Amino acid sequence: MSGNIWDVFIQARESAKSEKYPEALAQYEYFFDHALAEDVSLSGVRASYCLSEWAALGEKLPEAKIHLEVRRGKALSLFEETKSLDYFRDYVSICRALDCDDVISTFERYSQADKPLAAMVFSSLDELLIDAERWDLCKPYVERWLNKYDLLVRALDTDMTLSKSIIEVFKENLITVVNRTLVMLHQCEEGDKKSAFFNHVSNSLDELGFSELKAKMVVL
């Protein structure tokens with residue numbers, strides 16, 4: 001395909017809008033396959049917009065959904081063969097796009113048969129497990145989730161030149177992680193860890209100058 005990789009994504013959208021569905025499918029597939037090699041900053045677009053629009057295309061062109069389901073199976077097979085988390089993240093993203101819960105069933109299988117493998121992939125689907133309220137699957141990996149808040153704060157510390165609008169988005173993401181963590185600790189009956197985390201976050205938000213976010217913290 002001609003043009004840079006971003007042009008291919010735009011062409012896919014235009015093809016879908018013009019009802020040129022087979023062309024759109026070929027363009028979404030090309031973008032998904034080549035985006036990271038040409039521009040790693042497109043990883044978010046590849047995992048979200050590209051896949052969600054590809055899945056939506058399946059409502060007009062059944063072949064598109066079939067191709068995406070094949071990619072889902074291939075991503076999981078490649079992960080289990082290579083243990084590369086990139087493939088598992090693709091698997092999770094495709095499951096999200098297809099709105100299926102296969103990934104939770106897969107994690108449950110890992111958790112029962114291969115706990116080190118389950119621990120390895122937990123952070124790639126932890127939000128899905130929390131949203132599905134699968135506290136039985138979350139509980140053994142609570143410690144891995146607890147690191148997420150500090151990792152986000154550390155990322156902010158490395159780049160304090162972000163624009164005001166980006167900072168506001170960051171703050172919303174931060175409080176979402178905080179509240180998911182508090183809910184998970186509560187549901188997993190980790191009272192001491194919940195109290196320690198609540199106090200840690202309260203102090204941290206003051207230090208960051210985000211004290212207003214404390215009013216948005218859930219109290220359970």
Side-chain angles (χ1 to χ4, degrees), residues 1 5 8-9 12 16 21-22 24-148 151 173 176-177 180 184 188:
M1 295 188 181
I5 196 65
V8 174
F9 181 63
Y21 302 133
L25 172 58
Q27 289 156 344
Y28 280 126
E29 288 192 285
Y30 186 90
F31 179 83
F32 185 80
D33 289 340
H34 297 88
L36 297 183
E38 296 196 26
D39 187 349
V40 71
S41 70
L42 292 173
S43 60
V45 174
R46 175 181 177 271
S48 57
Y49 293 107
C50 173
L51 289 176
S52 63
E53 292 173 22
W54 182 348
L57 185 65
E59 298 176 8
K60 304 291 186 180
L61 184 71
E63 181 184 358
K65 183 178 180 180
I66 293 171
H67 281 216
L68 198 51
E69 289 172 339
V70 169
R71 293 300 184 98
R72 177 184 60 194
K74 182 179 179 181
L76 182 59
S77 294
L78 286 169
F79 166 69
E80 293 182 342
E81 177 184 337
T82 67
K83 301 300 184 289
S84 169
L85 276 175
D86 288 339
Y87 292 125
F88 192 80
R89 292 186 186 107
D90 280 351
Y91 171 66
V92 172
S93 297
I94 294 170
C95 285
R96 282 181 184 271
L98 290 170
D99 193 25
C100 66
D101 59 5
D102 291 31
V103 67
I104 294 178
S105 299
T106 297
F107 182 77
E108 188 166 19
R109 174 166 58 86
Y110 291 167
S111 190
Q112 293 170 351
D114 191 340
K115 292 190 183 301
L117 188 63
M120 176 183 178
V121 303
F122 177 73
S123 62
S124 297
L125 77 157
D126 46 17
E127 293 180 2
L128 289 175
L129 293 172
I130 291 171
D131 290 343
E133 299 184 355
R134 289 300 306 269
W135 312 120
D136 57 319
L137 296 178
C138 291
K139 189 174 178 63
Y141 310 101
V142 162
E143 293 295 340
R144 289 179 176 271
W145 177 267
L146 285 174
N147 293 329
K148 185 159 285 194
L151 288 173
N173 290 338
T176 297
V177 167
R180 276 182 167 154
M184 181 185 66
C188 291

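Atom set for the values below is all heavy atoms of this structure, side chains included, hydrogens, waters and symmetry mates excluded. In this text, all values refer to a predicted model and were calculated from it rather than measured experimentally.
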### Task
Given side chain to side chain donor-acceptor pair (under 3.5 Å), test Glu80 with Tyr91 step by step and report yes or no.
CA-CA 11 Å; Glu80 293 182 342; Tyr91 171 66; over 6 Å; no
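- Counting only heavy atoms from C-beta outward, the side chains of Val103 and Arg96 never approach each other to under 4.5 Å.
- Every residue meeting the ring pair (Phe, Tyr, Trp, His ring centres under 6.0 Å) condition with Phe79, not counting sequence neighbours, appears here in chain and number order: Phe88.
- Ring pair Phe9/Phe31 is tilted by interplanar angle, where 30° to 60° counts as tilted.
- Considering only heavy atoms from C-beta on, Lys148 stays 4.5 Å or farther from Arg180 through its side chain.
- In this structure, Asp102 CG and Arg72 CZ are separated by 4.5 Å, a value rounded to the nearest 0.5 Å.
- Between the CG atom of Asp101 and the OG1 atom of Thr106 there is a distance of 9.5 Å, given to the nearest 0.5 Å.
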### Task
Using the side chain to side chain contact (heavy atoms under 4.5 Å, CB included) rule, take Glu81 and Tyr87 through it: C-alpha gap first, then chi angles, then the decisive distance, then the call.
CA-CA 10 Å; Glu81 177 184 337; Tyr87 292 125; over 6 Å; no
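- Contacts classified as salt bridge (charged side-chain N to carboxylate O under 4.0 Å, His left out) and involving residues 49-68 (residues at least two apart or in different chains) are given here: Arg13-Glu53.
- For CG of Asp131, the number of neighbouring non-hydrogen atoms (other residues, nucleotides, ligands) closer than 6.0 Å is greater than 12.
- Around NZ of Lys74, the count of heavy atoms belonging to other residues, nucleotides or ligands within 6.0 Å does not exceed 12.
- In terms of modelled atom types and a separation under 3.5 Å, the side chain of Trp54 and the main chain of Ala64 share a donor-acceptor contact.
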### Query
Do Tyr30 and Ile5 pass the side chain to side chain contact (heavy atoms under 4.5 Å, CB included) test, and can you show the C-alpha distance, the side-chain angles, and the key distance before you say yes or no?
CA-CA 9 Å; Tyr30 186 90; Ile5 196 65; 3.8 Å; yes
### Query
Would Glu108 and Leu137 count as a side chain to side chain contact (heavy atoms under 4.5 Å, CB included) if you check the C-alpha gap in whole Å, the side-chain angles of each, and the deciding distance to 0.1 Å?
CA-CA 7 Å; Glu108 188 166 19; Leu137 296 178; 4.1 Å; yes
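- Here the side chains of Ser84 and Leu78 are not in contact, with every heavy-atom distance at 4.5 Å or above.
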### Task
Verify side chain to side chain contact (heavy atoms under 4.5 Å, CB included) between Glu69 and Cys100, making sure each step is shown before the conclusion.
CA-CA 10 Å; Glu69 289 172 339; Cys100 66; over 6 Å; no
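- Heavy atoms of other residues, nucleotides or ligands lying less than 6.0 angstrom from OH of Tyr21 number more than 12.
- Taking CG of Leu85 as the reference point, atom OG of Ser123 lies at 6.5 Å (rounded to 0.5 Å).
- Although no hydrogens or angles enter the test, the distance criterion places no donor-acceptor pair under 3.5 Å between the side chain of Ser111 and the main chain of Phe107.
- Checked by atom type and distance alone, the side chain of Lys115 never pairs as donor or acceptor with a backbone atom of Gln112 at under 3.5 Å.
- Taking 4.5 Å as the limit, some side-chain heavy atom of Ile130 sits within range of a side-chain heavy atom of Trp145.
- With sequence neighbours excluded, no residue forms a salt bridge (charged side-chain N to carboxylate O under 4.0 Å, His left out) with Arg144.
- Counting heavy atoms from C-beta on, the side chains of Val121 and Tyr110 come closer than 4.5 Å.
- The distance from atom OG of Ser52 to atom CG of Asp99, rounded to the nearest 0.5 Å, is 12.0 Å.
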